[in-house]
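In what follows, a structure is listed as structure tokens, so that the remarks can point back to it.
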Amino acid sequence: MLEQTMSNVKVVEGSEAVALAVKGCRPEVISAYPISPQTHIVEWLARMMANGEMDTEYVRVESEFSAASVISGSSAAGSRSYTASSSQGLLLMTEVLYCSAGMRLPFVITGVNRALSAPITIQIDHQDTISLRDSGVIQFYVESSQEVYDTHIAAFKIAEDPQILLPVMVCMDGWILTHSYERINFIEQEKIDSFLPPFRPANFLDVNNPKAWGSYSEENVLMEFKYSVQQAMQYGKKRITEIFAELARITGRDHGGLIEAYRTEDAEVILLAMGSVVGTIKEAVDELRSIGKKVGLVKIRCYRPFPHEDIWEAIKAAKVVAVMDANFSMGSEGALGMDLKSKLCGMRDTPLVFDFIAGLGGREINVKTVRRIVEKAEEMLNKGLPLSESYWVDLNPEILP
Amino acid sequence: MYSLNQRFDNMEIPEDEHMTAGHVACAGCGASLSMRLALKGLGKPTALVVPACCWGIIPGAWPQTAMEVPFFNTAFMTTGAVISGLKAAYRRRGMDDVCVVGWAGDGGTYDIGIQALSGAAERNEDVIYVCYDNEAYMNTGVQRSGGTPLGAWTSTTPAKAPKSEPKKDMDEIMIAHRIPYIATATAAYPHDLIAKFKKARSMRGMRYIHILSACPPGWKTPENMSIEIMRLAVLSNIFPLYEVENSEVFRQTVIPDEVEPVNNYLRSQGRFKHLTQEDIQVYQREVTTRFERLKERFDRIAV
Ligand SMILES: Cc1ncc(C[n+]2csc(CCOP(=O)(O)OP(=O)(O)O)c2C)c(N)n1
Ligand code: SF4
Ligand SMILES: [Mg+2]
């Protein structure tokens with residue numbers, strides 16, 4: 001028994017964990033185009049292909065525009081399909097992703113988080129995937145490689161749910177997760193197979209039952225098409241929670257539902273964040289708790305659809321929510337801050353919400369950074385002032401123009 | 001008169017430098033040497049547009065740069081279009097003397113940038129487009145591109161299943177665009193490379209220069225072998241050096257004394273290590289056939 005369990009544990013690179021999850025899901029078509037820090041994922045898959053470990057069409061395309069387009073074609077033909085990208089590559093997919101969500105194509109993409117040009121960089125933040133938040137693609141963010149492994153397996157099932165049928169993007173921080181090694185518990189193939197049966201959708205480009213996809217539409221129907229995507233998103237909240245729970249029962253690992261509330265019970269200050277930084281925040285929360293501070297954390301696992309009901313349950317008793325955004329909407333504020341504020345607006349007795357911009361372009365966030373954010377939030381709270389502009393953490397004024 | 005161990009003693013290389021020391025290319029990088037020589041041929045005023053590729057990194061990180069000409073980092077697929085816009089503005093602003101040069105890798109040319117390049121060529125934009133070709137996506141760690149040769153190992157075409165398609169014939173694609181000037185070059189023949197850039201600068205309209213650039217980490221070769229390997233590519237007709245004007249006049253500019261077998265070129269590089277003797281024969285046939293097709297056109301002009 002013990003032996004059997006041990007054989008499913010291995011220390012692997014985060015990218016290999018993704019590739020192994022994808023392999024376990026038996027995709028029929030994969031497209032691949034390189035971009036740092038996503039490349040190791042498609043290289044692992046290429047190696048598995050060359051070793052005869054996978055029975056998949058592997059298309060080495062000439063751009064991300066084609067990477068997304070290849071899987072929109074293969075998905076329309078009713079095949080489980082996958083690709084991965086990052087940063088500039090994800091932006092180049094944008095048009096195709098909107099089209100694919102509109103045509104309800106349930107492929108899965110790993111979005112390896114990296115900042116956007118200019119200036120060019122390979123360092124991480126969430127600007128790339130956040131820029132795709134309005135496209136109709138479901139987005140998950142993960143904290144660890146174990147979570148990225150498990151979430152990919154859930155992702156295909158969620159995407160392919162007959163009432164959802166939307167592309168799913170699993171967002172993971174570049175380098176920190178893709179290139180580090182972690183002990184991973186793998187799920188036995190038979191268990192994956194019974195959790196995720198082959199994808200055979202009712203609708204596909206069927207020559208025996210010809211239908212037109214994405215046909216020209218106008219003011220009489222276009223709104224309904226768009227609304228139906230929103231309905232799928234809303235319905236998705238329930239199904240995603242169920243599917244995560246179903247997988248947790250199989251694996252014995254519960255990463256939470258749409259969110260994970262960490263030590264929020266009696267918390268006065270709650271941090272809200274997503275991605276690998278959450279591990280650091282948990283440590284900071286533990287430290288602060290040990291000196292008697294009532295601090296907690298809400299980790300967002302599912303960003304689209306936005307789980308404001310669950311967030312509300314976790315934060316409603318707090319005094320202040322310090323949102324940590326690794327992105328920025330130029331001319332406004334961070335996306336998570338905006339999302340949360342818009343949902344709280346009009347409600348009574350809500351905590352104050354302050355938006356902190358931290359970690360752009362790989363700027364380090366350590367436990368001390370988190371403590372400074374908590375202190376700043378407390379200071380604003382004590383002054384009774386709402387922080388109307390986002391607060392940029394650790395800016396170096398010396399190099400500003 | 002060209003052979004492998006030949007010395008070029010009295011070669012005239014302009015002394016002006018438009019690129020400084022302290023850049024961050026790997027030792028033995030064919031691409032950095034090619035730029036240095038190309039700028040010597042081009043002179044000033046010149047403006048460079050470079051998409052994502054090793055050359056986007058080579059000048060160094062902000063606030064440093066090794067470049068002494070303006071240098072615009074652009075998105076990966078955009079080079080052909082950005083140089084068109086840059087030239088249009090220089091023209092409008094009375095700076096038509098600026099030579100606008102797009103400088104992209106094989107990934108940025110054969111693959112993701114081909115649409116913008118083809119558009120610029122079809123419009124006969126007054127620009128120079130350079131493809132420095134190291135035959136893979138090197139900056140991201142050696143993935144295959146449309147410019148990767150048949151049989152090569154890359155990280156997405158592992159040795160167990162190396163690239164099964166031949167290299168895309170980008171030169172023929174450009175020839176089909178019927179633009180004023182097309183040339184192939186390599187830093188292993190510096191006088192030839194510089195002469196081609198000088199000539200390109202003196203012309204108007206779309207000019208395309210294809211440079212073979214050795215890449216020690218990507219080709220799995222020792223750093224001190226780059227020049228010899230690029231020479232072997234020329235001497236074995238894998239990468240013949242020639243120029244084409246208006247898709248009509250073809251001229252071979254470096255004619256080997258004796259054609260080397262492809263074997264020596266392939267065996268010099270780790271990326272071809274897994275090839276069998278049979279594979280190499282297939283390779284030889286491919287190279288010979290392609291060269292014969294090209295040679296017919298050289299010969300026709302020679303008459
Ligand atoms: C749209 C987009 N996709 C992918 C990348 C990642 N990327 C940056 S450089 C590079 C490789 C470039 O290859 P090539 O053009 O052959 O130049 P080399 O690095 O080999 O010199 C890639 C894939 C990017 N920056 N933008
Ligand atoms: S990887 Fe190759 S092309 Fe890039 S800098 Fe190094 S030698 Fe030059
Ligand atoms: Mg290249």
Side-chain angles (χ1 to χ4, degrees), chain A residues 15 19 30-54 56 58-67 69 83-95 112 114 116-123 174 178-179 361-362 398-399 401, chain B residues 50-65 71-78 82 105-118 136-148 152-165 168 170 218 274:
Chain A
S15 298
I30 293 175
S31 61
Y33 192 75
I35 183 163
S36 304
Q38 158 268 28
T39 32
H40 282 193
I41 297 173
V42 295
E43 289 173 2
W44 279 112
L45 289 167
R47 239 168 275 155
M48 293 170 185
M49 287 294 301
N51 292 340
E53 296 166 34
M54 286 178 83
T56 302
Y58 186 85
V59 192
R60 297 161 180 89
V61 287
E62 77 298 335
S63 74
E64 289 87 356
F65 198 70
S66 294
S69 302
T83 194
S85 192
S86 188
S87 183
Q88 307 301 117
L90 289 170
L91 283 208
L92 193 53
M93 292 180 173
T94 307
E95 183 183 359
V112 174
R114 168 183 140 181
L116 294 177
S117 293
I120 191 163
T121 182
I122 53 170
Q123 299 306 328
T178 51
H179 286 62
E398 275 173 31
I399 57 169
Chain B
V50 178
C53 59
C54 275
W55 248 104
I57 309 301
I58 291 172
W62 190 89
Q64 259 112 32
T65 175
F71 188 99
F72 188 79
N73 281 289
T74 187
F76 203 10
M77 54 285 167
T78 61
V82 173
D106 49 295
T109 303
Y110 287 63
D111 290 353
I112 200 167
I114 195 171
Q115 174 178 337
L117 167 60
S118 174
Y137 293 96
M138 294 311 179
N139 190 237
T140 38
V142 203
Q143 294 82 24
R144 66 88 90 180
S145 78
T148 302
W153 161 91
T154 68
S155 62
T156 48
T157 52
K160 270 193 190 161
K163 185 159 183 263
S164 54
E165 308 83 16
K168 188 190 282 188
M170 196 62 207
H274 49 274

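Keep in mind the model is a prediction, meaning the values are calculated, not measured. Proteins come first, then strands; the chains are lettered A, B, ... in the order of their sequence lines, and each starts at number 1.
Residues A:Arg47 and A:Glu53 are not in side-chain contact: their nearest non-hydrogen atoms beyond the backbone lie 4.5 Å or more apart. By the 4.5 Å heavy-atom criterion applied to side chains, A:Glu64 and A:Thr83 are not counted as neighbours. Looking only at side-chain heavy atoms (C-beta outward), B:Tyr137 and B:Asp111 come within less than 4.5 Å of each other.
Contact annotation for A:Tyr33: only side-chain heavy atoms (C-beta onward) come within less than 4.5 Å of a heavy atom of chain B. Looking at A:Ile35, the atoms closer than 4.5 Å to chain B (heavy atoms on both sides) all sit in the backbone: N, CA, C or O. Only the side chain of B:Phe76 comes within contact range of chain A, judged by heavy atoms closer than 4.5 Å.
A donor and an acceptor atom, one from each side chain of A:Arg114 and A:Ser87, are located under 3.5 Å apart.
Among A:Ala50, A:Ala118, A:Gly89, A:Ser36, the residue making the largest number of heavy-atom pairs under 4.5 Å with chain B is A:Ala50. Note on A:Ser66, A:Ser63, A:Pro119, A:Pro37: by heavy-atom pairs under 4.5 Å with chain B, the leading option is A:Ser63. Heavy-atom pairs under 4.5 Å with chain B peak, among A:Leu92, A:Val42, A:Ile399, A:Ile120, at A:Leu92. With chain A as the partner, the residue from B:Ala161, B:Pro63, B:Ala159, B:Ser155 showing the most heavy-atom pairs under 4.5 Å is B:Ser155. When A:Pro34, A:Ala46, A:Ala32 are compared by the number of non-hydrogen pairs under 4.5 Å with chain B, A:Pro34 comes out ahead.
Here the CD-OG1 distance, from A:Glu43 to B:Thr140, works out to 8.0 Å after rounding to the nearest 0.5 Å.
Side-chain N or O atoms of A:Arg60 include one that pairs as donor or acceptor with a backbone N or O of B:Thr156 at under 3.5 Å.
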